[in-house]
Amino acid sequence: MPREIALFGVYLPNLTLLFLLTLAGGWVIDRLVAWCGLYRHAWHPTLLRVSLFTCLYGALVLYVYH
Amino acid sequence: MDNVPPIPAPRGALRRALAEWAQDEGRVWAFVFKALLTAFLALWLAYRLELPQPSTVLATVFIVMQPQSGQVLAKSFYRIVGTLLGLTVMVPLIALFAQERVLFLLCLALWIGLCTAGAARYRDFRGYACVLAGYTAAMIGLPAIAHPQGAFMQALWRVLEIGLGILCSGLVSALLLPQTSSASLRTALATRFRDFAGFAAAGLAGQLDAVRVEQVNARFAAEAVGLDNLRNAAGFEDPHIRLRSGRLARLNNEFMVLTTRFHALYQLLQRQQGEAGVLIRAALQPCLDAVAAQLAPFGQLLADEADLARLAERLTGERHRLMQTIRDGRRQLAALDDIDAEAALLDFDTAAELLYRFADDLLGYAHTYASLREHRHAREQWKDSFTPRANGLAAAVAGMRSALLILLLGTFWIASAWPSGSTFVLTAAMVSALASTAANPRRLSWQLLAGASGAALYAGFLQFSVLPWLDGFALLCSALAPLFALGAWLLARPARTGYGAGLLLWFCMLGLPANLTVFDPYRLFNEYLAALLSIGLAALAATLILPPDRPWLWRSLERDLRQRVVFAVGGKLKGLVAGFESGTRDLFNQAYGLAAGRPAVQRRLLGWLFAVLEIGHALIELRQEQARLPLDACYAEDMPWRQSIRALGRALVRLFIQPDEGNRQRALAAVEQAIAAVRQTPEERPPQFDTSPLRRVLSYLHFVRSSLLDPNSPLADAAASP
């Protein structure tokens, strides 16, 4: 897997692209979790959301780069 | 004297005092702490990542920093949108006019003027995106004129720096000691209902004075606007609020309808004067007391959803009894023979119907409030929305003012070839953009100037006396901490935000050591001279060029307020109530804020608000009533009563566009003719207002007539002084 992709002649690190991908995926998951009312059981819902996003992003990046 | 024992402190006093402190001052200190942490985190990252301008990162942090985390997230989101928009506009401009500074500045002035006008037009977070689109364009474009070949890379660096600032402030304010917008939304809703319940119960019992009515109504109008912004911000932060967003919007709308209805009822009761009035009020009093008894307990406590659910249950149970009480009162009034029975009964019926509808609206509000307990609810299906209204003229003036300023300063820059000219123009763009969203642009501009002067002094002191001794990031942080703490403390006080913003922004932009620290006193002097001069000129422009807190604007807003009746007559029926109620309040709220310190003007504006809401709402209900009519011959489109109601609509539109005695008399004649036409129409339904549409139409018409005749209404004033 290349580390950079060319977008209209500008080199972007793949990390950026993956970040945007995770943002979209994370948003869907976030909606789902909120819809099921699971955030009610969390002590700090925002912390949970941020951690969820971090885990997703980390997993995706490790999977792609490993 | 020595024998007097010290008064023992009550138990738990210390804990209570601490809790109070945490609610009040504690929040400010938490905010200061968070601001410092965010700033140092962002600064360290900016140095570590070797970004070319750490100053942009910190300026972003302080622009976005707000006490409530929902607002931080909402502002961040719109900041990203605004930044990308500014970037998209600036890159083609640089590509087009890289060699031609004059044309470039002309386009920039136009763009900033447009953005400022947009900010003055929307005034919520969308307005904020406009502000940022304007000055991001200036931040990217102005430094790039000198080096057009690096413009694209510079623009990308700016976007990265802004992104880093947003990331840091969003994370810190949402994760550490969060002060959530959703919590304050809940408190605001509960407080508002408590105040309304107390106010309405007192009004139904006849214990209100005119001053309190005005104050409370002005506050409710302001809160209706504020609550919608808070709802938007809280939706960014809390997924549960987002699930309830439709219901919260609906709740706000229902509250506006509720206050309008209550005010109509209250006014109608106030207009019952003389001997007949006393008798009518006496006949109505049991009905009023029945509703007041339901409301009174809620004036004392901050009710939650469960309390409102109980209120809804009780109101549902009371409905039939209320109807029965109304019929008893009517019979009692009809039995009297020493008054003009027909006129008195019409007054009684109109008031009773308003009261019944008020109880109905209250029931709807209680249902919606109670439904907030559930995640999913049928009431979430709510299509209408809060529609802010603004004055096009005011927005255009704000845009013209900043475009002119940019042009003027740009010309000076080109003519003098001043090395700090770009700061000169950039600062003017920032100040006019920041001021355009403020309630009082002039005061904010002067506050920014004072703040920036403080920043200049501190930056000079830091650069010449402190920085040469420092070694390492920790020492730099200790040198910056006092200024940042002071600035954040000022930012947290709504009345002094300008000082804080001026201090922090212009310190970060000009005084902060860059990655490669350059010791250059001339540059520092030049930059601060440019910034201070520019803020001063922007403040002067805000004071001199058509300042908004002057008669021209509030007269124009008053005209817009009256035009709302035209909207009520001619607007599309779908979503009309929500659009009318919210837009009218938004317009009033702006005018009321601009007329601060002039009680006579404010009272006049309130009078117009009441007149517009009363008559406009009655007209909308008349239209809705006609849209729902069953298919009978007596309700046909070409019946005389429907034609006369259309004529009434036209007469009222004329009256509100040009309020004078002639138009008022014409409107009165039209309403009397409509009343006569409705009365002469035969109808085959029992003459009760729950069964007969004509009965309801009659009471709306009567209400319009009573409000046209009201001697305290501004319509009467306008007629008296043409």
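Note on naming: letters A, B, ... go to the chains in the order of the sequence lines (proteins, then strands), and numbering restarts at 1 for each one. Heavy atoms only: backbone and side chains are in, while hydrogens, waters and symmetry mates are out.
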Side chain / backbone / both / neither for B:L175 at chain A, heavy atoms under 4.5 Å: both
Proximity breakdown for A:R40 and chain B, heavy-atom pairs closer than 4.5 Å: both
Interface residues of residues 41-62 of chain A facing chain B - non-hydrogen atoms under 4.5 Å apart: A:H44, A:T46, A:L47, A:R49, A:V50
